[in-house]
Amino acid sequence: MPLRFYNTLTLQVEPFSPASDNTVKMYTCGPTVYDFAHIGNFRTFVFYDLLRRVLSLNGFRLNHVMNITDVDDKIIRNAVAQGKSLKDYTDIYTQAFLDDCATLRLQRPETIARATDHIDGMAKAIHTLEAHGNTYSSDGSVYFRISTFPGYGKLSHNDFSGMVAGARVDVDTYEKNDARDFALWKSPKPGEPFWDTEIGPGRPGWHIECSVMAREFLGDTLDIHAGGIDLVFPHHENEIAQSEALTGQIFSRFWLHSEFLLVEGQKMSKSLGNFYTLRDLFAKGIAPEQIRYLLASVPYRKSLNFTFDGLKSAATAIDRLRNFQLRLNTDKFQEGSAERLETLAARAQTDFRASLDDDLNTAEALAAVFEFIREANIALDSGEFKAGNVASAKAVLDSFDSFFDVLKPTVAEGGLSDMEIEKLVAERTAAKKSRDFKRSDEIRAELLEKGVILEDTKDGVRWKRK
RNA sequence: GGCGCGGUAGCCAAGUGGUAAGGCCAGGGUCUGCAAAACCCUUAUUCGUCGGUUCGAUUCCGACCCGCGCCUCCA
C-alpha cells in the first residue's frame with residue numbers, strides 16, 4: 001500500500017506523492033512568537049516532524065518551509081508594554097521556540113521564514129490582488145472581498161453562497177457578509193510599527209504572509225500544507241482565497257490538520273492552571289523524550305489527552321524499548337540464527353512501515369514494535385535468540401527510532417561520565433566477588449542517587465541512566 | 001443552528017462484516033546474595049444507547065445520548 005493521507009480538502013484518505021520530481025513542497029504554519037509555545041502548539045509541531053519523517057521514509061526529498069509570525073496585534077501590544085522594539089521582543093521567543101524544537105528532536109525545516117523579512121513581497125501581492133479586482137480599501141487598509149472568490153469555503157466545507165448578495169438577502173445579512181472579508185493590509189496606528197511600501201504605509205494582515213512566503217520559496221502550488229485544525233477556518237480558507245486569486249493555480253494539493261490537545265481531559269487554559277510550556281514540564285522533571293513519545297503515540301487526527309499519567313506511562317514504555325536495546329547490546333549469544341526470529345523481525349518492519357504509511361497511524365506502528373520486542377524477549381530468555389538474530393532485531397529498533405527518536409536519553413548536565421560510572425561498577429563487581437555485599441549495595445545506592453541503575457544479569461552487570 | 005472529529009478494559013489507544021492489537025497500571029511468577037532492576041503470564045463473551053440489514057456487526061444503515069473543535073487572527 002502506498003503512502004496516504006487524510007486530505008481536509010476532500011475529507012478522504014488519498015494516496016500521496018509529490019506533483020513533480022521526487023521533492024515534496026511542504027508549507028506548515030509555525031508559531032506566533034508573542035510568548036513561549038505551549039504543549040498544545042507542540043502537538044502540532046511534533047506532527048510536522050513525523051510528517052517529514054514518514055515522507056523521508058518513503059524516499060521523498062523535502063522542501064519544507066515554516067513561517068514565524070513575528071508581527072501581529074498581540075506581539076505589538078506586548079512589545080510596546082515592555083518598551084522593546086518588535087525585533088528585540090520577537091527574537092527572544094523565536095530563539096526559545098527554536099531551542100524547544102531542538103530539545104524535542106524536531107527536524108528543522110529547510111526554510112524558516114520570518115514574516116517581517118517579506119513585507120515587500122506581501123505589498124506586491126496585495127497590489128496584484130488590487131489589480132485583479134479582489135480588494136477594496138478603507139482608511140488606508142486593504143480588504144479581500146470574499147464575494148470575488150467563488151471557491152470560498154471549499155476547505156472548511158462551509159457554504160457561503162447563500163450569503164452573497166441576492167434577492168432574498170436583506171441589508172443586514174449583506175453587511176454581515178462584508179464583515180467576513182478580511183484584512184490584507186492594516187493602516188498604521190499611532191505608536192505602532194509600520195512599513196512604507198508600494199501600497200502605502202502599514203502592516204500586513206495575518207493571512208497574507210503564508211500565501212506570499214509559500215509562493216516565494218515553493219512556487220504556486222504546494223504538495224502539502226499543514227497546520228492545527230483550528231486554522232482551517234478562517235486562516236487556511238483565506239490563504240486559499242488570496243493565493244488562488246493571485247495565481248489562478250491550486251494553492252495546495254493536500255491539506256493536513258492535527259487535532260486538538262486537551263490537558264487532563266479539559267481544554268488547556270491559563271485560568272484552569274493546566275497551561276504548560278515545555279519549560280514548565282522540564283521544571284517538573286519531565287524528560288523531553290517522554291513528551292515527544294506521548295505527543296507522537298496518539299495519531300494526529302485524534303484529539304490527544306495530555307496527562308501526567310500519560311507522561312509516566314510514556315517513560316515506562318520508553319524504558320521497555322531501551323531495556324530491549326540494552327539486552328541486544330550486552331547479552332551473550334550462542335552461534336547461529338533462528339529463522340523464526342528473522343521472520344518476526346521482517347514482519348515487524350513491514351507492519352511498522354505499513355502503519356505509518358496509513359495516514360501516520362503511530363499507535364498501530366508502536367504495536368508492531370512492541371509485539372516484536374515481547375517475542376524477542378521470550379527468545380532471549382529461552383536461548384532461542386542467537387548471535388545471528390541480533391542484526392535484524394537492532395534494525396527493528398533503528399527503524400523505530402528513525403521515526404520516533406526517543407531511545408537516546410537526554411543526558412542531564414553535571415551527571416557522572418561513562419568512565420566514572422564504569423569505574424564504580426567495576427569496584428562493585430570486585431566487592432561482590434569477595435562477598436562484601438555491604439559495600440556492593442552502597443555503590444549501587446550511590447549510583448542510583450546519581451541517576452544510574454545497575455542490573456545484575458547472568459552475563460554480568462550492566463548499567464543504564466535513569 | 002452550520003461544518004468537522006470522536007465515544008472500545010482502571011488509564012492511554014489500534015482495529016476489522018466472521019467473532020477485540022499494543023502501552024501503562026494492578027495481580028501472579030521467573031531470575032537473583034537481596035532486589036529497587038529485567039523478563040514472562042493473567043486482566044474487555046465485549047466495543048455510548050436503541051432499532052434495522054445480514055447466516056453473522058464493535059465494524060454497514062437509521063435514530064438518539066454524550067464529549068470536543070471551528071464558525072470572533074486560538075496549534
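Contacts of A/R203 with the nucleic acid, taken as non-hydrogen atoms under 4.0 Å apart, are absent. Nucleic acid contact for A/S355: none, since no nucleic acid atom lies under 4.0 Å from a heavy atom of the residue. Within the nucleic acid shown, A/H257 has no heavy atom closer than 4.0 Å to any nucleic acid atom. Residue A/S258 is out of contact with every strand shown, counting any heavy-atom pair closer than 4.0 Å. A/F437 comes within contact range of at least one nucleobase, with a heavy-atom separation under 4.0 Å. No engagement by A/P31 is indicated, since no non-hydrogen atom pair under 4.0 Å with the nucleic acid exists. Heavy atoms of A/H235 sit nowhere under 4.0 angstrom from any nucleic acid atom.
The six-membered or imidazole ring of A/F97 lies away from that of A/F36, with a centre-to-centre distance of 6.0 Å or more. For A/H207 and A/F182, the ring centers sit closer than 6.0 Å to each other.
A donor-acceptor contact under 3.5 angstrom links the side-chain atoms of A/R444 to the base of B/A36. Side-chain to base pairing of A/R374 with B/C41: no donor and acceptor N or O lie closer than 3.5 Å to each other. A donor and an acceptor atom sit less than 3.5 Å apart, one in the side chain of A/D441 and one in the base of B/G33.
For the C1' atoms, the distance linking B/A21 with B/A13 amounts to 10 Å, nearest Å. Between the C1' atoms of B/C60 and B/U53, the separation comes to 8 Å (whole Å). Nucleotides B/A20 and B/A26 place their P atoms 27 Å apart, quoted to the nearest Å. Comparing B/G6 with B/A38, their P atoms sit 36 Å apart, to the nearest whole Å. Taking atom P in both B/U19 and B/C12, the straight-line distance is 27 Å, to the nearest Å. Here the separation of B/G29 from B/G22, taken at their C1' atoms, is 22 Å to the nearest Å.
Between the side chains of A/Y136 and A/D181, at least one donor N or O sits under 3.5 Å from an acceptor N or O. When only modelled atom types and interatomic distance are considered, A/N7 and A/Q12 share no side-chain donor-acceptor pair under 3.5 Å. Neither side chain, A/S297 nor A/T362, offers a donor N or O lying under 3.5 Å from an acceptor on the other.
A/H236 and A/W255 have tilted rings, their planes meeting at an angle from 30° to 60° on a 0 to 90° scale.
Among the nucleotides B/A21, B/A75, B/C24, the one closest to the side chain of A/L261 is B/A75. Nearest to the side-chain atoms of A/V298 among the listed nucleotides B/A75, B/C5, B/C12 stands B/C12. Of the listed nucleotides (B/C71, B/C39, B/G69), B/C71 has the atom at the smallest distance from the side chain of A/P234. Listed nucleotides: B/C74, B/G33, B/C39. Nearest to the side chain of A/D381: B/C39. Residue A/N158 places its side chain closer to B/C3 than to any other of B/C3, B/C74, B/A38. The side chain of A/E364 has B/A14 as its nearest neighbour among B/C3, B/A21, B/A14. Counting only heavy atoms from C-beta on, A/L231 has its side chain closest to B/A75 among B/A75, B/G22, B/C70. Of the candidates B/C39, B/A21, B/C70, B/C39 carries the atom nearest the A/N323 side chain, counting heavy atoms from C-beta on. Comparing B/G33, B/C41, B/A14 against the side chain of A/A363 picks out B/A14 as the nearest. Listed nucleotides B/A75, B/C71, B/A13 differ in distance to A/T44; the shortest reach to its side chain belongs to B/A75.
Of the possible donor and acceptor atoms, none in the side chain of A/R301 sits under 3.5 Å from a partner among the backbone N and O of A/H257.
If you check B/C55 for Watson-Crick or wobble pairing at under 3.5 angstrom, you find it paired to B/G18.
A sub-4.0 Å separation between OP1 or OP2 of B/C12 and a side-chain N or O of A/K302 is absent. Contact annotation: A/Y6 reaches the phosphate of B/C5 (side-chain N/O to OP1 or OP2, under 4.0 Å). Phosphate proximity of B/A14 to A/N361: absent, as no side-chain N or O sits under 4.0 Å from OP1 or OP2.
Atom pair A/K312:NZ and B/G23:P shows a separation of 17 Å (rounding to whole Å applied). To the nearest angstrom, C1' of B/C68 lies 13 Å from CG of A/D230. Atom NZ of A/K432 and atom C1' of B/A35 are 11 Å apart (whole Å).
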